[in-house]
Structures are given as C-alpha cells and as structure tokens.
Amino acid sequence: MTDSFQQLREIIQTGKIPADLSQFSEAGHSHLLETLDAAGTSYAPGMGDIAALIRQVLRREDERQGGMPQTLKVPRTFPFPDREMWQQSGIDILGEGADYYLISAHPWQPEWLDFSAQYPPEKPVFNQEERRNYEPVEGDPFLELVELQKYRSVGQREAIRAVLTAPENSTLAINLPTGSGKSLCAQLPALLRSQNAGVTVVVVPTTALALDQERALKRFVNHPTAYYGDESGQGQQRRQEIRDRIRNGTQRIVFTSPESLMKSLAPALYEAAKLQMLRYLVIDEAHIVEQWGDEFRPAFQELPGLRRDLLRWTSFTTLLLTATLTESCLDTLETLFGKPGNFQVISAVQLRPEPSYWFAWCQSEEIRKQRLMEAVYHLPRPLIIYATKREDVRRWQQDLLSAGFKRCAIMTGESSPEERSQLIENLRERRVDIIVATSAFGLGVDQSDIRAVLHVCIPETIDRFYQEVGRGGRDGKAAISLTLHTTQDLEIAKSLNDKSAITVDRGFQRWKSMFLKKEMFPDGRFRVPVNLAPSSKPEDIDMNSEQNQAWNIRTLTLMSRSGLIEIDADEPPQRRNFKSETAYNEACKQHRKSRFIRIRDESHLNRQTWEHKVEPIRQQRQNWSYKNLQLMREVLRPKRCISEILAEAYTIPARAVPEARKSVIVSRACGGCPVCRKNGQALFSGIMPAPLPVWQEPNFVVSEKLKSLLGEDKLMLVFYDSHEAQSWRLKSSKVFNWLIEQGINNLVLPDEFQSILIEETNRIADACIFLFQKYEPMLMPRIPSLIFHPPGKAIPHNYLSLNRTSQAPLVIMLPVDTPDPSRDDRKLINIFSSRYLMFNQFCREVNL
C-alpha cells in the first residue's frame, strides 16, 4: 500500500479534507478530494461522480500493487453512493457497519465486449502503461532560447531545421504525430527570428488553444500574445496594444483565429508587412482548411488569398502544422498555398500507440444507453463522449445527469467561444469530468490526462474518428477508445458524407451569380461579392446569409483547386484614410462581403469547362470521402489490424507530376484492437521515421570574404599540426564565431568542442547552428558546413568528393598529417590540388 493511498483512507474516514493537496503524488487522489470538497458549490458532484472516482482510486491502487485488490472504508452518508450505485460501478461491498461500507473494486470485463475476459479493457489505463516510444534527441545551441537542451523527437528536430532553412516565400507542411512537439516548430523559429524585431502570426482554431500557447510562452515573451474577442474595456485595450505592437514590429508572436485575422487584425498585419517585419504565417491544425473549411469555418479557406497579397509587400515563410494529413488534404493545401514559392512536406508519421480500440454493435438505442452508462460508471475520469447530432448530445447529457453524473458538460457547434473557453478551463481545473460533444470539440484541446474516449455514433470519416480518439492519452500513457454503434448510425454517417461536397450544377450557378456582380481592378484582379444568393428562386432568396456566404467561398476554393481562378486578397480599409467613422465602417462592410480573385482560365463561364476541369476534382474529393467512410466501416467489423486501416488512410504515395512529391510513409502502431486480440497479437509500436532534408536549394547567405576563400570548388581545407593544436583550442571560439557570422550553419564537431561552441554561439543574435557528430550530407540540411576532423582518424572519401550531394560551401579543419584516404602511405596535404590553408595562415587571412 502506498503512503498516498493510506493518507487518502484516513481523510475519507475523518472527512477532513486538507487545504493543500500537493502532498498527493497520484492525480486521482487529489482529484477525488477536490471533488468531495466541491459539495455545496456549483460544481458539486453527484453520487455517480463520487462512485466513479473512488473506483478509479481503487483500481489504480490495485494495479500498483500487482493486481491485489485494495479496500477502502467509505461513509454511508451523502454525497457517497448507496449500495445499488456502488454495485453498478463495479464495486464489491465486503463488509458494513452502521455508518460505513468496506469496499473494493473488480476489473471491468463486460460480456458484450469480445475478449474482455482475457484483456480487461480498463486494466492498461489504470496501470498507466507508458506506450509512447520515441526518445528525445540531442539539441542544437539555439534551443537554449526556450530553456531546452534536447528535441522532443527526431521529427521535431528535422522539422525545425527545415523551417530555419526554408527558401524565401516558401510553404512547409509539417506532419508530426500528437505529442512529438509540433507547436515548437513554429514558436522557436518565431522567437529566434524576432530577437531584434519581427512578427509571426499563428492561426489557431480556438481561443482555448491561443490561451494555451500564450501560457506556454509566457516566460519568454513579456507581453500578451493571444488575440481573441473580449468586449470588456480591458479586453479592448489588450487587443489594441497587440495591434500597435504588430504595427511597429515588436509583437514577436501572436495567436489568433482565422476570423480575427481576416477582420480586425488584418490592417495591422499589412502595416507590419510593409515594414518588412513579418517572419512567419503559421496555420495550426491545417487540415481544417479542408475539413472544417468545408463545413464550419470558411475563414480558413480565405487565408491563402491573404498570404498571396501579403507576399507582394514582404517575404516570409508559411507553415502548415497537422497531425492528420491525408492525400486529399495535402492536395488542397498544395493548391491553395503552393504558389508563389516552393512547397514541401516534412513528415514523421507514427500512428499513436496509446489507445486500445473496442467496438460493440448495439441492437437498439436502449441497449446502447445501458452499455454507455455501464462504461461511464467503470472508466476513469476525465472522459469524452462523442455523438454526431446536437440533439443527441443534449439527450445523452440529460441521461447522465439523471444517472447521478452532475459534473458533465456539453459542447456543440452552437456553443459560443466564451462557452468553449469556460468548458476547457473547467476541464483543466477538474471542475468537470465528462464532456459530451459533437466533432466541434477537440481541436485546441490539449488535456493530457484524458484516459477514455467513447463514441455513441459512427463518424462519417475514419479521419474524424482518429482525431477524436486522439483526445485521449496525450501524455503518452494508455487510453481506451470505445465505440457503441447501431445500424442507423451508418445511414447518418453516409448522409453526412454525401453532404460534404458541392455539385457542379450548384457551383456553376453560384459562380455565375457572383461573377455577374464583379468589379475589375487595373492589375487584373476581380472583386466578387460572396453574400449573393445563387439564384432568384424562392428557396434561394431566403437562404441563411452566413451559410450562403460559406458555400460561396467553398465554391471559390473548388474553382481554385480546379485551376479556373486564383484566390487573392486586398488590403483592408485603414481608418486614417476615411474622414468619418461611418464611411470607414461602410468600407469595412464592403470589404468583408466580397473577395478578390484572378482568372486563370478564360472559359470559366463555360459549362463544359466545369465538366472538364471542376467535376474531376470534385469527384476525386468525393471518392476520397467515400473511401474514408469505407475505412470507417471496416474498423467496425475489421478483418485486419486497425493499424493497417489507419496506415492506408494516412499513407500518401509519391508522384512525379504536376510537381514532384515524395511519399509519406506511416509507421504502424497498435495498442490493442479486435483483430489483434483475436489472433493473440501483442501490442506493438513502430519507430518514428527520421525525415530527410526537404529543401533542394535551402536559404543561406555566405559572405563575400568566405566565398573568395572557398573558390569555385566551394571546398576549403584548413590544416593544423600538433604544435598548433593548443593554438587551435585557444582560438577555436573566435574561429567558430567568425565562420558562423560569414554564413556557416552546419557544424560537425567532436563532443568536447560542442560544449565550447554552445556557450559561445549563444551570444550571436539569430544564430541558427545545427550540430552533428559526423558528416552525413544526405541527412544534413544542404547549407554551408564546417567539419572539425580530430587527430588519429582517417578521413572518409565523401568529405573531398567534388560530386558531393550538397554543393553548399564546405570547410574542413584537419590535422596536417592526415593521410590520403586513397593511399595511407602519403599525406593528403601533399596531393590535395584544391584550396587549402594552414590554420595560422587562415587566422591571418581573416584577421583573427
């Protein structure tokens, strides 16, 4: 028995809850006590909440004690449950007195889940099995900027290096699994490139995520960074101060929604762009551009036009971050963000090993309700229940409240931003234990301790299913996914899948309506209204304006993907250009209800053109949606491991045209699925793939002085002899600093010199130094490099090859007695025909 559990026993028996719960190392213990202490408040628990939390404590302690059942003496008074509820919660009453029950918990092994007797579903969860298997890797010097020494994963390391070497105006899609450190891929470069001045805009889907990211960077940025709607006086002042800092280039980084960016933040962003202060435009959860953009958030599909117009004023890099990139999504992102500039994808896709997957078909809605309640009584907190329809969410909440689960909240697409933020805050502060939600809940939620995700529906795509399951186990520990489905659910999923695409007839009708009211500009752009109904028919005239505008924007996106138009933008009105507030507001209204485009195909008003160009793209996307639904159906009655099904969803094949693209390979993992349990297959997790450098021509600048020293071969050797070794050590930091200042970024150094370098180079502003222990040009960014070759080791042939993979400049420092790699009976210095200097001579050349 642990000390923490013994303390908990004593507190429950006395009823005296201490004010300070930091002594409890087990989160479940403090969670239970906080919940008991909430009695009499607006977050007071019901008996079901208490029963589930006490079961959680007991089952966790059972697993910590090697499976030995532990006991607990609990009061028979409110808010503690009665005998019936204890039994419903999988708790045995071993003894009782006038004022107490002596209880223990038994494993949950429902007969309606296949193989639950051999594999108790909640056992790995209560055992808190560590399932994430990727390890931190050695860091680069600039990680000190955010007080880190190592990268969280190899994928994070290569992504950050790719960001820092991205060519001008390029776009990089970063495809990394949850928990591998995607956020830092944007945050660290943003901070590094703004130490003197600069602004990075990070577009996030929710206010909660903006606030989370602001909290994460609070130690490193001394001003607010989350920009969100808050109409209080303090909130308005906060937003105005952020806009002012953006205008003068001191904001460094700002987290905001696409709607805020397209509206109130855009004028300030244009001012920063004109001053050459914009460093990065980042879209977090970039798959929303396709998925949510089609259904909920048209502002995500307007970002490409804004980017294109901002690039007319300045150069910056665009970053698209996601953990669930499909081929269809990548095609959309490349169409919208591929020009101008280079477009590349860096991927390290490893399926998540944390969740175990369980599925049960329910013959009726009543049976599903019984099984859901049973699961809620037995599974750990916090947990999420997903439904498809809003009315179902409300109905399930009422059922849970009636069953004694009072700490239960809901979220749907109708929830306001304020309600969403409050719910996520309540979840984080452990005031709420159960969330019932539609797919609107999830993005922007980074709660690490969610252990169970339940579906009382069939998601319309496997992509949605995997994303929602991904809310659990974000700390790398075991989680459970349970799907309770009925025959009717499949029809609902199919119906939603069918609604996700616009028909050619309807799209053509919408486009003609918009283009009829066009306004042409001298530079060849057109402004088209997006608030028009598609026709004058009665059913169209009364169409909801917000929904109608979203469909019009969706039509423009489809046309852009088909090559008929190019989505563009224009600078929003600036208040200083108008004499009155009324005139300014009218200009803003006109700006919001219209969009800028360029025509790429002059036959865009030809119906046959739409059949020839638009229909194949529309059909391709619809085919992917159908495939996605078919994969979801297979998950419910699988004949192969779920990792194979998910790998099929997220593998992206290589292609040669229209632009070359490397394949995205998925490293499989399975934390338990029906097929593996049936076959007796052990859990497994593949290794995160190490991405190769993506830029063929990365961004680097070499000084004229270094260019002249290197010569045409872009290769220079600097020899030192044994008598100069001490001189080398004394001057090494100065030499490093000089080379870095002249444009050297890759450094291949023995360990003993890396510590010296880190200390020195951190004093160089904006220094982007990548450290390596050996020279592997295929695995290194193709940028200027320095190799320090230590005494006593032969030099590899590839160091000197004039046909090196990278034609970036290379400086090699090596002992004067280094042998010729082709013949060890002669020295390299005596036969090397290209540019070389002795160490002291080099120091004189560069005035060191």
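All values derive from a computational prediction rather than experimental measurement.
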Show the nearest heavy-atom pair for residues R668 and S643, with the distance to one decimal. NE-OG, 2.8 Å

Kindly check if the number of other-residue, nucleotide or ligand heavy atoms within 6.0 Å of NZ (K339) is above 12? no

Which word best sums up how the rings of F788 and Y720 line up, parallel for under 30°, tilted for 30 to 60°, or perpendicular for over 60°? parallel

Hey, would you say the F719 and Y836 ring centroids sit under 6.0 Å apart? yes

To the closest 0.5 Å, what do you measure between CG (N169) and CG (N342)? 10.5 Å

Check whether any side-chain heavy atom of Y650 sits under 4.5 Å from a side-chain heavy atom of T324, and report yes or no. yes

For the pair R279 (side chain) and A197 (backbone), establish whether a donor and an acceptor sit closer than 3.5 Å, ignoring hydrogens and angles. yes

Give a yes or no on whether the backbone of R152 and the side-chain of Q156 come within a donor-acceptor separation of less than 3.5 Å. yes

Report the C-alpha distance between I283 and L319 in whole Å, list the side-chain angles of each, state the deciding distance to 0.1 Å, and finish with yes or no for side-chain contact (heavy atoms from CB on, under 4.5 Å). CA-CA 6 Å; I283 303 176; L319 305 179; over 6 Å; no

Minimum heavy-atom distance between I160 and L188, given as atom pair plus value: CD1-CD2, 4.1 Å

Do I787 and M813 have side-chain heavy atoms sitting under 4.5 Å apart? no

Between E741 and K705, is there a side-chain N and carboxylate O pair less than 4.0 Å apart? no

Show the numbers, then the answer: is there a salt bridge (Lys or Arg N to Asp or Glu O under 4.0 Å) between K274 and E571? CA-CA 11 Å; K274 292 174 185 178; E571 182 177 357; 2.9 Å; yes

Kindly compute the distance separating CG (L303) from CG (L281), expressed to the nearest 0.5 Å. 7.0 Å

side-chain contact (heavy atoms from CB on, under 4.5 Å) between L192 and C768: does it pass, once the steps are laid out? CA-CA 8 Å; L192 192 61; C768 296; 3.3 Å; yes

Are the side chains of L709 and L837 in touch, meaning some heavy atoms are under 4.5 Å apart? yes

Under the criterion side-chain contact (heavy atoms from CB on, under 4.5 Å), I'd like the reasoning laid out for F220 against E147: C-alpha separation, chi angles, the key distance, then a yes or no. CA-CA 9 Å; F220 312 114; E147 299 177 2; 3.7 Å; yes

Tightest non-hydrogen contact, residues I744 and S785, listed as CD1-O, 3.7 Å

Using a 3.5 Å distance criterion without hydrogens, assess whether the side chain of H223 forms a donor-acceptor pair with backbone atoms of R245. no

Closest heavy-atom contact between P340 and R307? O-NH2, 2.9 Å

Would T225 and R252 count as having a side-chain donor-acceptor pair, cut-off 3.5 Å? no

Looking at E285 and K182, does any basic side-chain N land under 4.0 Å from a carboxylate oxygen? no

Within the structure provided, determine whether Y775 and P796 are in side-chain contact (heavy-atom separation under 4.5 Å). no

Do M780 and V748 make a side-chain contact, defined as non-hydrogen atoms from C-beta onward lying under 4.5 Å apart? yes

Q251 side, atom CD; D244 side, atom CG - distance, nearest 0.5 Å: 10.0 Å

Side chain to side chain, P698 and P781, heavy atoms closer than 4.5 Å: no

Test item: S180 and M688 side chains (from C-beta on) under 4.5 Å apart, heavy atoms: yes

Hey, are T314 and Q276 close enough side-chain-wise for a donor-acceptor pair under 3.5 Å? yes

Donor-acceptor pair, side chain of R474 and main chain of G470, under 3.5 angstrom: yes

Is there a donor-acceptor contact under 3.5 Å linking the side chains of Y227 and R243? yes

Nearest 0.5 Å please: distance from the CZ atom of R312 over to the CG atom of D523. 6.5 Å

Output for pair (I687 CD1, Y134 OH), nearest 0.5 Å, gives 12.0 Å

Interatomic spacing from CD1 in I812 to CG in L828 - rounded to 0.5 Å: 8.5 Å

Donor-acceptor contact present, side-chain R193 to main-chain L164, <3.5 Å: yes

Contact between I288 and T322 at the side-chain level, heavy atoms closer than 4.5 Å - yes or no? no

Start with the C-alpha distance between R525 and D570, add both sets of side-chain angles, then the distance that settles salt bridge (Lys or Arg N to Asp or Glu O under 4.0 Å), and finish with yes or no. CA-CA 10 Å; R525 288 178 302 159; D570 194 56; 3.0 Å; yes

Run the salt-bridge test on R308 and E566 with the 4.0 Å N-O cut-off and return the result as yes or no. yes

Please check if the side chain of W695 supplies one atom and the backbone of A162 the other of a donor-acceptor pair under 3.5 Å. yes

With the threshold set at 4.0 Å, does a side-chain nitrogen-carboxylate oxygen contact exist between D140 and R161? yes

Salt bridge D820-R823, side-chain N to carboxylate O under 4.0 Å: no

Starting from the C-alpha separation in whole Å, work towards a yes-or-no answer on side-chain contact (heavy atoms from CB on, under 4.5 Å) for F842 and V735. CA-CA 9 Å; F842 171 79; V735 170; 4.1 Å; yes

Test item: S315 side-chain N/O and L311 main-chain N/O as donor-acceptor pair under 3.5 Å: no

Can you list everything that forms a side-chain hydrogen bond (donor to acceptor under 3.5 Å, both in side chains) with R844? Sequence neighbours excluded, please. none

To check you understand the geometry: which heavy-atom pair defines the closest contact between P167 and E697, and what is its length? CG-O, 3.4 Å

So, S667 and Q350: side-chain donor and acceptor under 3.5 Å apart, yes or no? no

Identify which one of V694, V345, T318, L320 satisfies the side chain to side chain contact (heavy atoms under 4.5 Å, CB included) criterion when paired with L172. V694

With distance as the sole test, does N133 use its side chain to make a donor-acceptor pair with the main-chain N or O of G686 at under 3.5 Å? yes

Less than 4.0 angstrom from a charged side-chain N to a carboxylate O is my criterion; do D331 and R655 meet it? yes

Minimum heavy-atom distance P691-A348, with the two atoms named: CG-CB, 3.9 Å

Quick test of your reading of the model: are E334 and R661 salt-bridged, counting only N-O distances below 4.0 Å? yes

Using modelled atom types and a 3.5 Å cut-off, is there a donor and acceptor pairing between side-chain atoms of S170 and backbone atoms of A166? no

Are side-chain N/O atoms of S448 and D475 paired as donor and acceptor at under 3.5 Å? no

